[in-house]
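One structure is given here, and the rest of the page talks about it.
Excluded from the calculations below are hydrogen atoms, water molecules and symmetry mates; all remaining heavy atoms, backbone and side chain alike, are included.
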Amino acid sequence: MEKIRIVIAGPRGRMGQEAVKMVHETNSFELVGVIDRKKEHSNLNELEGFTGISAPIYVEMENCLVETKPDVLIDLTSPETGMFHTRLALNHGVRPVVGTTGFSNEDLLELEQLCEKSGLGCIIAPNFAVGAILMMKFSQMAAKYFDDVEIIELHHDQKLDAPSGTAIKTADMISKVRPSKEQGHPNEKETHMGARGANIDGMRIHSVRLPGLIAHQQVMFGADGQTLSIRHDSFNRASFMSGVKLSVEQVMKLDVLVYGLENILE
């Protein structure tokens, strides 16, 4: 069986390091290159933490794609860089698996059209943890019976976007089964701006950023005389790798854009 040739963007980040390790240890995968803006003309095995893992390092994404001819790009960078990389990958016949959050609806529409034009699959996952996907699915189920819901997402203090992509995706999934509703007292007033969090379709989303956290989310439902809380916690970034591996395998079978890991879980 031919191995899936993979390039990773953002190998020195915490998620990137775990992805490099996962690809290296998967017999059906081959790491053919990495993209790092600071380390051109060196090899990954020369960097601390990557002993025994050989892959050329590129600064320019296009050079990497042309020279290594990968099947899949795993992108774990930032929203702006991730969009640039995803667009470039599709234009070069490479299927992207993207763990970067912060894509706009306009971005997703553009990428959907690029996938249709190229006949290539692309997976964008706000969260690669299987438990987090189940948390979102269970929340969508609960929202059929509870109209009032608030989302609290908690992440490390180096996260750039707020709310998280997982929180936005959760709200989107809930909105599909819950009528739009403004929650709380109709005369409610914030005495300090932002105290009630972001408002998505009447739901409130609260973002917490603290050192010591990794990725956590609690969805709270309320009704007369009862509450229901659904929570997921990722305590390390290895928890995301089963989802990344599954996405690489599945994107090879796709010719459309898939947004959200829940869409490829059986």
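Closest approach of Lys169 to Pro126, counting heavy atoms only: CB-CG, 4.2 Å. Nearest heavy atom pair, residue Pro96 against residue Val94, reads CD-O, 3.3 Å. Among all heavy-atom pairs drawn from Phe128 and Leu261, the shortest one is O-CD2, 3.6 Å. The nearest pair of heavy atoms linking Pro163 to Glu153 is CA-OE2, 3.4 Å. Closest approach of Glu190 to Ala195, counting heavy atoms only: OE2-N, 3.3 Å. Here the closest non-hydrogen pair linking Asp36 and Val59 is O-CG2, 3.3 Å.
In this structure, the side chains of Ile174 and Met203 come closer than 4.5 Å at one or more pairs of heavy atoms. The side-chain heavy atoms of Ile8 and Val23, taken from C-beta on, include a pair separated by under 4.5 Å. Contact annotation: the side chain of Ile264 approaches that of Gln250 to within less than 4.5 Å [non-hydrogen atoms, C-beta and beyond]. With a 4.5 Å cut-off on side-chain heavy atoms, Arg231 and Leu154 count as touching.
Distance CZ/Arg37 to CE/Met61: 15.5 Å, rounded to 0.5 Å.
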Would you please test Lys159 and Asp157 for salt bridge (Lys or Arg N to Asp or Glu O under 4.0 Å) and show each step?
CA-CA 6 Å; Lys159 185 169 177 59; Asp157 61 343; over 6 Å; no

From CA spacing to verdict: side-chain hydrogen bond (donor to acceptor under 3.5 Å, both in side chains), Asn199, Glu182:
CA-CA 9 Å; Asn199 186 330; Glu182 290 297 326; 3.1 Å; yes

As a quick check of understanding, evaluate side-chain hydrogen bond (donor to acceptor under 3.5 Å, both in side chains) for Tyr58 and Glu67, giving each step before the final call.
CA-CA 10 Å; Tyr58 293 83; Glu67 293 183 15; 3.0 Å; yes

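With salt bridges taken as basic N to acidic carboxylate O contacts below 4.0 Å, one links Lys245 and Glu249. The pair Glu150-Arg196 meets the salt-bridge criterion, since a charged nitrogen lies less than 4.0 angstrom from a carboxylate oxygen. In summary, Lys3 and Asp71 do not engage in a salt bridge, as defined by a charged side-chain N under 4.0 Å from a carboxylate O.
Judged as a salt bridge (charged side-chain N to carboxylate O under 4.0 Å, His left out), the pairs with a partner in residues 95-110 (not counting sequence neighbours) are, in order, Arg87-Glu110. Residue pairs that meet the side chain to side chain donor-acceptor pair (under 3.5 Å) test with at least one member in residues 126-141, sequence neighbours left out, are Asn127-Thr166.
Of the possible polar contacts, none joining the Thr81 side chain to the Thr77 backbone as a donor-acceptor pair under 3.5 Å is found. With Asp75 contributing its side chain and Val98 its backbone, the two residues share no donor-acceptor pair below 3.5 Å. Side-chain atoms of Asn236 come within 3.5 Å of backbone N or O of Ser239 as a donor-acceptor pair. Here the side chain of Arg178 pairs a donor or acceptor atom with the backbone of Asp201 at under 3.5 angstrom.
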